[in-house]
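By convention in this document, chain letters (A, B, ...) are assigned in the order of the sequence lines, proteins followed by strands, and residues within each chain are numbered from 1.
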Amino acid sequence: MSHELPKTYDPGAIEVRWAEYWIKEKLFAVKTPGPGEAKRPVFTLLLPPPNVTGRLHMGHMLNQTEMDIIIRWHRMRGDLTLWLPGTDHAGIATQMMVERQLASEGTSRQKLGREEFLKRVWDWKKHYGGAIQAQMKRLGASVDWDREYFTMDENLSRAVTECFVRLHEQGLIYRGMYIVNWCPRCMTAISDLEVVHEDVAAKLYQVRYPIVGDPKNFVTVATTRPETMLGDTAVAVNPHDERYTKLHGKKLILPLMEREIPLITDDFADPEFGSGAVKVTPAHDPNDFQIGLRHKLAQINVMDEQARINQNGGPYAGLDRYEAREKILHDLEKRGLLAGIKDHAHAIGKCDRCKTIVEPRLSTQWFIKIQPLADRAIAAVEKGEIVFTPENYAKTYFEWMRNIHDWCISRQLWWGHRIPAWHCQECKEIIVARSAPQKCKCGSAKLEQDQDVLDTWFSSGLLPFTSLGWPEKTPDLDVFYPTTLLITGFDILFFWVARMIMLVCHFMDGHPQGSVPFTSVYIHALVRDADRQKMSKTKGNVIDPIDITEKYGTDAVRFTLASMASPGTDIAFSESRTDGYRAFANKIWNAARFMFMNLDRVSGAKLTQGAPAQLDRLEDRWIFSRFYRVAGEVNQALDAYRFDEAANTVYSFFWGEFCDWYLELIKPRLSAEGPEAAKALALLGDMFEGALRLLSPFMPFITEEIWHAMYEGKPPRKSIALVAYPQREQKWLNDAAEEHMAVLQDLVVNIRNLRAEMKVETKAKTPVRMHTSGDLQALISDNRGMLERLANVEAIEFTSQSLANAPGARTTPKFEVALVYERKIDVAAEKERLGKELAKLENQLAGAQRQLGNEKFLAKAPANVVEGLKKQAAEQEILIQKTRKALEGLGGA
RNA sequence: GGGCGGUUAGCUCAGCUGGUUAGAGCGCCUGCCUUACAAGCAGGAGGUCCACAGUUCGAGUCUGUGACCGCCCACCA
């Protein structure tokens, strides 16, 4: 490889090449060290496994960018760094996908049968399942691809079974008939979390239930779901509701079904609501279910699995639930039993997957008794074993954990981990076992495995240890468990993060390396569009990460996301910003070209020979000091997950200091002939190489490209990703150099400013006159080359006279400077500027004096603050005098 | 119904434990093709820090109230 870079920065060309190189060379594959091998700090990060059906979206890209930055940073710091990738089988989502495909072929899973269907799903996975991985590879995610897993892999499935069986043995898994959330379209139970609530403007219907023996009188109940009355088995009133005391013990006629049902008393009935009487439908409402248990009421299920009225619904059998509602209302009205209809806003639950309205349904399911697990999981965060960033999410977590309900883990699907329970066809015994039992206790061999599969989140909740080989005692588990960090979005805080904490703490309880799945959780925000709208297909504002990457380069997109990733704040992704970071990449590119161009010119020069023991020149001492200080800041920011601060710090260093000042300052030395130039180039190379390492986690591609070029094809390691990350180094920090440079920079800016104001031709050199202290005179004289070059100054004349009333002079606390130039200044404009300046200064001085005159301030404020304010006030006083003089010089204010 | 977050320049956002002159990018205005980069360089304008009250020597920063946005959770008909 030559050190020549093409004139134009073309991210596409270099990125594809390096992405392939990293994979081909297996640069990020991690060998598990044996027990005797040298110990290094271990950093383990689990990739939140994308769904096998998934396509990469901006949220993934943000997530992966953050993970990759952290991972590359740790790797460069010398940690044993594992980023473990995998894919989730995504039960419902995948099954839906394949079913849709089958439908288009005119068939269905029922027609194929379970076995054949599963074959189809595996086929589908083989063909379409790798989309996200391919995209991740293109984006350069530095995961260990050799360790990639799939949640349905044999060993992982075995671990899932093991966990299920253990929980069952411990009495933490039970099976029973309860009301669950049922999706009539997916035809499966779903957990509470998979129900999304949506506010709707609905109606509240008042229905009259005639009293037995007094059919002219009624008890009126209110309901939002009249169709469920077909399954009513009681009407409840509050025992203390005196309106109904005389009816206690009476029976009512359930209209339409013409069935007698009791009037019962139960505290659930709220006398304040409606008439105070509530219909009770134990098979179709969770509250009513509880009332039913308390009063031993019959449970009449009136709907089938698709939420159509079944034969228990008498004349309404066969109707869809909403058709039935219409007909029932119509029939009630006809009989004069509909007492009224009111508007009623409330929330309805929809299936997270398909948005079908969820039906509470009485059915037999498997559940996890969650309270013991939740208690433990709460303790883990309370005790600080797990730390959330932003810390606020801990509150959300506690809120949810403290109001948790048992988790329904069975799904009436085919794609997933089948429940390891076998039902004896003879005695109905249920055997939960690690593998299929030969025969039942009763001697029968007629055993059938449970038809249900497990909630996908059950298996993903186990990943922190199952992905490392548990329940075997593997070396991986030894070395890499527990994982160090989890980076994920808040959308799966409960689905995944909370469940992992519960399940892992339970199973790894007492593990020598700790029982928590990870010690740190970083929750990132949402990527929105430039107008802060949520990206959605229906709005058509979805930005495809691959499209945007092809347009601006991965490095620029990554940098955009990183620079905006301030914890807790959503990211309004705007292309203009990405465009800006492409310009930054271009800046890096051209700075490199500049360096290489000089390398060609200077014979005997080398870029990568390391820093000299001593730096003779101010600008060198300054840039080294700045670099090592910045390195410290970047490390600190990353340590706190302040991706934005880290990115902005390195950005302004590279552009605003290294390019804008240092490169300009070093140009004269580079263009000189001989050893001086070679020496300067070595310094430049050293700084540049360091800057590339500093930038590498954020922009892995362009830094890799230039870094290799700097070594002319013979780099010390195969990748910049494998060399050390820059750290703050005390020996290079130089406060004096930074202070001196600050004065010179201020001087340069002031002179440029004067030139612009006086409209001096760009190329014309101007002499300047200065008034300043002896120390600074020496500094400025020593560095007059800097002023000549950067401010186009021709000669500097020092004067002991104040320049304050010289027209067009600039005054600062440290110096006064004026151009020696015959061109007239714009008197009116200058007067305006000075006037504004004066007003501001006077204002500030007044404030400072007010404070300094306050005895309490002098008594209570820390000394350095008081000192600072005094100094400021003194400077301001001088500046005010000078500014007044300047105004007088111009002919008054 | 509960809980949480936000409001700082035209736009998108920083501002860490209260402390000297509130910052950046983009956009805008002016001047430059100064051979690394016009995807650039130099200079500039632009802010009642949502409102009110309070704590404090001192508030963008802490407390309270309100307004306006937004998010999450929820089995009361």
Counting any heavy atom closer than 4.0 Å, what does [X] reach on the DNA or RNA strands: base, sugar-phosphate only, or nothing?
X       : value
N287(A) : base
R755(A) : nothing
T396(A) : nothing
D270(A) : base
V221(A) : nothing
S566(A) : sugar-phosphate

Enumerate donor-acceptor pairs with a distance under 3.5 Å from any side-chain N or O in residues 847-875 of chain A to protein atoms, sequence neighbours excluded.
residue : atom : partner : partner atom : Å
N854(A) : OD1  : K856(A) : N            : 2.9
N854(A) : OD1  : F857(A) : N            : 3.4
Q872(A) : NE2  : Q876(A) : OE1          : 3.3

Rounded to whole angstroms, how far apart are [atom1] on [X] and [atom2] on [N]?
X       : N      : atom1 : atom2 : result
E633(A) : C16(B) : CD    : P     : 15 Å
F494(A) : C72(B) : CZ    : P     : 11 Å
W182(A) : C75(B) : CH2   : C1'   : 19 Å
I751(A) : G43(B) : CD1   : P     : 12 Å
L526(A) : G6(B)  : CG    : C1'   : 15 Å
E761(A) : A42(B) : CD    : C1'   : 15 Å
D639(A) : C16(B) : CG    : P     : 19 Å
Y397(A) : C4(B)  : OH    : C1'   : 18 Å

Using the [atom1] atom as the reference point in each nucleotide, state the distance between [N] and [M] in Å, no decimals.
N      : M      : atom1 : result
C29(B) : U56(B) : C1'   : 43 Å
U20(B) : C57(B) : C1'   : 15 Å
A24(B) : G46(B) : C1'   : 15 Å
G18(B) : C62(B) : C1'   : 7 Å
C28(B) : A74(B) : P     : 47 Å
C16(B) : U61(B) : P     : 11 Å
G60(B) : A53(B) : P     : 14 Å
A51(B) : A59(B) : P     : 15 Å

Exercise for the section: Specify the residues of residues 190-207 of chain A, ordered by number, for which at least one heavy atom lies under 4.0 angstrom from an atom of RNA chain B. Expected result: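 Hits under 4.0 Å, by residue number: H197(A).
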
Under a plain distance cut-off of 3.5 Å, with no hydrogens placed, do [Y] and [X] share a side-chain donor-acceptor pair?
X       : Y       : result
D644(A) : N648(A) : no
T228(A) : K279(A) : yes
Y581(A) : S563(A) : yes
H405(A) : D192(A) : no
Y244(A) : N238(A) : no

Exercise for the section: Heavy atoms under 4.0 Å is the rule here; annotate nucleotides 21-39 of chain B 5' to 3' with B where the base is hit, S where only the sugar-phosphate is, and - elsewhere. Expected result: S----S-----S---BB-B

Exercise for the section: Indicate for each nucleotide in nucleotides 55-64 of chain B, in 5' to 3' sequence, whether protein heavy atoms under 4.0 Å reach the base (B), only the sugar-phosphate (S), or nothing (-). Expected result: --B-------

Between [X] and [Y], does at least one N-O distance fall below 4.0 Å, as a salt bridge requires?
X       : Y       : answer
R225(A) : E359(A) : yes
R325(A) : E227(A) : yes
K840(A) : E837(A) : no

Exercise for the section: Would you tell me if any nitrogen or oxygen in the side chain of R789(A) comes within less than 4.0 Å of OP1 or OP2 on A42(B)? Expected result: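 The answer is no; no side-chain N or O of R789(A) sits under 4.0 Å from OP1 or OP2.
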
Handout entry: Pair F688(A) + F654(A): ring centers closer than 6.0 Å
Key =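 When the ring centroids of F688(A) and F654(A) are compared, they turn out to be within the sub-6.0 Å range.
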
Handout entry: Ring centres under 6.0 angstrom apart (Y641(A), Y522(A))
Key =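 Between Y641(A) and Y522(A), the centre distance is under 6.0 Å.
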
Problem - Of the listed nucleotides G43(B), C4(B), C71(B), the one nearest the side chain of F490(A) - result: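 Of all the options, the side chain of F490(A) is nearest to C71(B).
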
Practice task
Would you kindly compare H346(A) and G868(A) by the position of their nearest RNA chain B nucleotide and give the one closer to the 5′ end?
Solution key: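 It is G868(A) whose nearest nucleotide is closer to the 5' end.
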
Handout entry: Single hit among V557(A), I548(A), T560(A) for side-chain contact (heavy atoms from CB on, under 4.5 Å) with E575(A)
Key =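 One option only clears the test, and that one is I548(A).
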
Exercise for the section: Note every stem involving RNA chain B: at least three consecutive Watson-Crick or G-U wobble pairs, i with j then i+1 with j-1, with both distances under 3.5 Å. Expected result: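 Consecutive-pair runs (3 or more) involving RNA chain B: B:1-7 with B:67-73, B:10-13 with B:23-26, B:28-32 with B:40-44, B:50-54 with B:62-66.
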
Problem - Intermediate values then yes/no, side-chain contact (heavy atoms from CB on, under 4.5 Å), H197(A) and I348(A) - result: CA-CA 5 Å; H197(A) 295 273; I348(A) 52 161; over 6 Å; no

Handout entry: R755(A) side chain to T762(A) backbone, donor-acceptor under 3.5 Å
Key =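 Looks like yes, one N/O pair under 3.5 Å.
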
Give the table of side-chain donor-acceptor pairs shorter than 3.5 Å for residues 391-403 of chain A, with sequence neighbours excluded, one pair per line with atom names and distance.
residue : atom : partner : partner atom : Å
Y397(A) : OH   : A377(A) : O            : 2.8
R402(A) : NH2  : E382(A) : OE2          : 2.7
N403(A) : ND2  : E399(A) : O            : 2.7

Handout entry: Approximate separation, where rounding is to 0.5 Å, of I702(A) CD1 and Y9(A) OH
Key =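 Interatomic distance, I702(A) CD1 to Y9(A) OH, rounded to 0.5 Å: 4.5 Å.
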
